[in-house]
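Along the sequence shown, residues are numbered consecutively beginning with 1.
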Amino acid sequence: MVRTPLTPQERERGERLGALLRAARGERSMVEVAAAAGLSAETLRKIETGRAPTPAFFTIAALSGALGLSLDEVAQLSALPETVAVAVA
């Protein structure tokens, strides 16, 4: 199976998601948060660094739960600015 290349917007959204997760993790270690979410630390590392910019929904749901974030917060805070403006309008 060949994946289609990511658009610049998808890459930027992935970077925003990674920054959000890093900030929410705070002083907790990657290993601690990944274990709480049922993921490997490497998976969390890839998401946080933008190397996995389009993680599966259930991965994000698990991380959100482990970090005490609602899925609405994650969607809103990782959305691109023009997407938020369109969604609000």
Side-chain angles (χ1 to χ4, degrees):
M1 181 172 120
V2 177
R3 290 187 121 183
T4 58
L6 297 174
T7 66
Q9 292 82 11
E10 288 171 324
R11 288 185 191 281
E12 184 178 345
R13 189 176 57 233
E15 290 170 5
R16 292 173 65 92
L17 173 63
L20 170 66
L21 296 176
R22 264 192 316 278
R25 184 166 55 84
E27 296 297 316
R28 291 181 280 180
S29 74
M30 256 187 209
V31 172
E32 177 186 344
V33 172
L39 305 170
S40 71
E42 182 60 22
T43 296
L44 179 55
R45 183 176 293 106
K46 285 179 181 178
I47 294 168
E48 284 191 1
T49 60
R51 288 184 14 236
T54 57
F57 172 80
F58 292 106
T59 300
I60 297 304
L63 283 168
S64 297
L67 293 168
L69 299 170
S70 74
L71 289 175
D72 287 337
E73 286 177 294
V74 173
Q76 182 180 16
L77 296 172
S78 63
L80 299 176
E82 63 272 5
T83 306
V84 173
V86 171
V88 173

Original post:
Got a second to check how far R51's CZ is from T43's OG1, nearest 0.5 Å?
Top reply: 10.0 Å

Subject >> Whether over 12 other heavy atoms sit under 6.0 Å from R11 CZ >> reply: no

**OP:** Write down the atom of A62, the atom of A37, and the distance for their closest heavy-atom approach.
**Re:** CB-O, 3.4 Å

**OP:** List, by chain and number, the other hydrophobic cluster members for V2, where Ile, Leu, Val, Met, Phe, Trp and Tyr join if side-chain heavy atoms come within less than 4.5 Å, directly or indirectly.
**Re:** none

**OP:** Please go through L6's hydrophobic cluster and name the other residues, only I, L, V, M, F, W, Y counting, with side-chain heavy atoms under 4.5 Å joining them.
**Re:** none

Original post:
With ILVMFWY side chains joined below 4.5 Å, transitively, what does L71's cluster contain besides itself?
Top reply: L17, L20, L21, M30, V33, L39, L44, I47, F57, F58, I60, L63, L67, L69, V74, L77

Subject >> Side-chain (R16) to main-chain (A79) donor-acceptor, under 3.5 angstrom >> reply: yes

Subject >> CA sep, side-chain torsions, deciding dist, call: R45, E42, salt bridge (charged side-chain N to carboxylate O under 4.0 Å, His left out) >> reply: CA-CA 5 Å; R45 183 176 293 106; E42 182 60 22; 2.8 Å; yes

**OP:** Identify the heavy atoms of S29 and E32 that sit nearest to each other, and give their distance.
**Re:** OG-N, 3.0 Å

**OP:** Could you tell me whether the side chain of R13 reaches within less than 4.5 Å of the side chain of E10, counting heavy atoms only?
**Re:** yes

Original post:
Can you name the nearest heavy-atom pair linking A66 to A36, along with the distance?
Top reply: CB-CB, 3.9 Å

**OP:** Nearest 0.5 Å please: distance from the OG atom of S40 over to the NZ atom of K46.
**Re:** 7.5 Å

